[in-house]
Amino acid sequence: MTQNSRYRKRPNILITGTPGTGKTTTAAALAEVTELRHINVGDFANEKNLTNGWDDTFDCYYINEDLLCDELENLMEEGGNIIDHHGCDFFPERWFDRVVVLQTDNSILYDRFTVRGYSDQKLASNTECEMFQVLLEAAKENYPEDIVVILRSDSLEDITKNVEKLTCWISNWSPVL
């Protein structure tokens with residue numbers, strides 16, 4: 001548990017993973033069950049105008065990470081948040097009580113990317129990211145080992161099981177005293 005969690009009544013969770021691993025689906029389902037606040041970082045950054053232009057290659061906005069963190073600071077201090085984002089290395093360590101890295105088989109991811117209409121470059125980049133476990137390594141490098149968990153996310157059954165596991169963890173969570 002993080003040092004600052006003693007000031008929160010509810011935990012903060014980061015759900016990260018390669019695009020297509022089910023972060024938003026998992027976070028939304030978990031928020032519905034637990035009544036924690038789900039914050040999809042991409043949507044939040046767009047709503048709050050925390051972007052620095054458009055990336056034509058990857059068909060997405062560049063997020064201004066400093067502005068984003070400034071905007072999230074008070075919400076994170078309150079606790080009770082599920083942050084949903086593919087990146088994890090720029091968030092302050094003290095924000096999170098649990099970091100969940102979702103992983104999906106590459107053949108399943110490839111199909112999901114194809115359905116989404118990803119460009120060849122975006123498809124290749126994201127597939128390589130999952131293959132080389134880039135986001136898992138980033139989570140391990142930036143957060144304490146005891147708060148990082150890896151969950152399989154190949155199917156709706158996996159997502160249901162993951163939500164159940166995380167709901168159990170939340171119900172057993174208590175602030176550091």
Side-chain angles (χ1 to χ4, degrees), residues 1-48 50-51 60-104 109 126 129-130 132-153 158-176:
M1 284 188 209
T2 60
Q3 180 180 5
N4 289 355
S5 69
R6 69 175 157 233
Y7 302 113
R8 296 193 290 265
K9 293 182 179 166
R10 304 206 67 200
N12 288 325
I13 300 170
L14 171 61
I15 299 181
T16 189
T18 305
T21 55
K23 295 178 302 297
T24 300
T25 303
T26 301
L30 184 61
E32 186 174 327
V33 171
T34 62
E35 297 182 356
L36 296 180
R37 180 187 304 116
H38 172 211
I39 300 172
N40 176 297
V41 169
D43 293 345
F44 185 84
N46 288 334
E47 290 166 12
K48 301 285 186 176
L50 307 173
T51 60
C60 64
Y61 286 99
Y62 293 107
I63 294 175
N64 183 319
E65 296 168 354
D66 292 331
L67 290 177
L68 175 70
C69 287
D70 288 346
E71 190 71 29
L72 286 172
E73 184 69 42
N74 289 337
L75 291 174
M76 298 307 289
E77 284 181 17
E78 289 173 19
N81 300 292
I82 303 167
I83 302 296
D84 155 15
H85 191 55
H86 61 270
C88 66
D89 58 347
F90 64 91
F91 296 116
E93 176 187 325
R94 65 179 159 39
W95 279 3
F96 299 107
D97 304 291
R98 182 63 102 205
V99 175
V100 177
V101 181
L102 296 180
Q103 294 187 321
T104 300
L109 268 184
N126 284 314
C129 185
E130 185 70 1
F132 296 115
Q133 300 188 356
V134 171
L135 294 167
L136 173 59
E137 291 306 313
K140 287 179 173 181
E141 289 172 12
N142 290 283
Y143 299 97
E145 183 180 326
D146 63 326
I147 72 166
V148 176
V149 296
I150 304 163
L151 296 176
R152 201 85 206 139
S153 187
D158 288 342
I159 290 171
T160 300
K161 288 177 189 173
N162 293 340
V163 168
E164 289 170 1
K165 287 177 188 175
L166 293 168
T167 300
C168 182
W169 178 84
I170 291 165
S171 67
N172 291 318
W173 179 85
S174 61
V176 175

Handout entry: Heavy-atom check, side chain of T24 versus side chain of H38, under 4.5 Å
Key = yes
Problem - Nearest-0.5 Å distance that lies between atom CZ in R98 and atom CG in D146 - result: 8.0 Å
Problem - Passing option when I13 is tested against V99, I170, I83 for side chain to side chain contact (heavy atoms under 4.5 Å, CB included) - result: I170
Exercise for the section: State, with a plain yes or no, whether a side-chain heavy atom of N162 is found less than 4.5 Å away from one of L102. Expected result: yes
Problem - Contact summary for L36 and R10, nearest pair of heavy atoms - result: CD2-CZ, 3.4 Å
Handout entry: ring-ring contact (aromatic ring centres under 6.0 Å, His included) partners for Y61, two or more places apart
Key = W54
Completion exercise
d(L72 CG, W95 CH2) to nearest 0.5 Å is 4.5 Å
Problem - Pairwise side-chain contact, C88 with F96, heavy-atom cut-off 4.5 Å (strictly under) - result: no
Handout entry: Interatomic distance, I15 atom CD1 to L30 atom CG [nearest 0.5 angstrom]
Key = 5.5 Å
Problem - Main-chain N/O of L109 paired with T104 side-chain donor or acceptor, under 3.5 Å - result: no
Exercise for the section: Would you check if F44 and E71 make a side-chain contact, meaning some heavy-atom pair closer than 4.5 Å? Expected result: yes
Handout entry: Any donor-acceptor pair under 3.5 Å from T16 side chain to H86 backbone
Key = yes
Practice task
Please confirm whether the backbone N or O of L50 pairs with a side-chain atom of N64, one donor and one acceptor, at under 3.5 Å?
Solution key: no
Problem - Distance in Å, K23 NZ paired with L14 CG, rounded so as to fall on 0.5 Å steps - result: 10.5 Å
Practice task
Go through the steps to decide whether D97 and I147 satisfy the test side-chain contact (heavy atoms from CB on, under 4.5 Å), and finish with yes or no.
Solution key: CA-CA 6 Å; D97 304 291; I147 72 166; 6.0 Å; no
Problem - Under 3.5 Å side-chain donor-acceptor pair for T18 and N126 - result: no
Handout entry: Q103 side chain reached by Q133 side chain, heavy atoms, under 4.5 Å
Key = yes
Handout entry: pair F91-L68: side-chain heavy atoms closer than 4.5 Å
Key = yes
Practice task
Heavy atoms only: give me the nearest I82-A27 pair and the separation to one decimal.
Solution key: CG2-CB, 3.7 Å
Completion exercise
salt bridge (Lys or Arg N to Asp or Glu O under 4.0 Å) pairs touching residues 36-47, sequence neighbours excluded, are R37-E78
Practice task
Verify the distance criterion only: is there a donor paired with an acceptor across the side chains of D89 and N142 at less than 3.5 Å?
Solution key: no
Exercise for the section: Find out whether V149 and K165 are in side-chain contact, i.e. whether some heavy atom of one side chain is under 4.5 Å from a heavy atom of the other. Expected result: no
Completion exercise
Distance col, row I159:CD1 vs L151:CG, nearest 0.5 angstrom, shows 11.0 Å
Practice task
Could you tell me whether E77 and R94 have a side-chain N and a carboxylate O separated by less than 4.0 Å?
Solution key: no
Problem - N/O donor-acceptor pair under 3.5 Å between N12 side chain and N81 backbone - result: yes
Problem - Which atom of A29 lies closest to which atom of V163, heavy atoms considered - result: CB-CG2, 3.8 Å
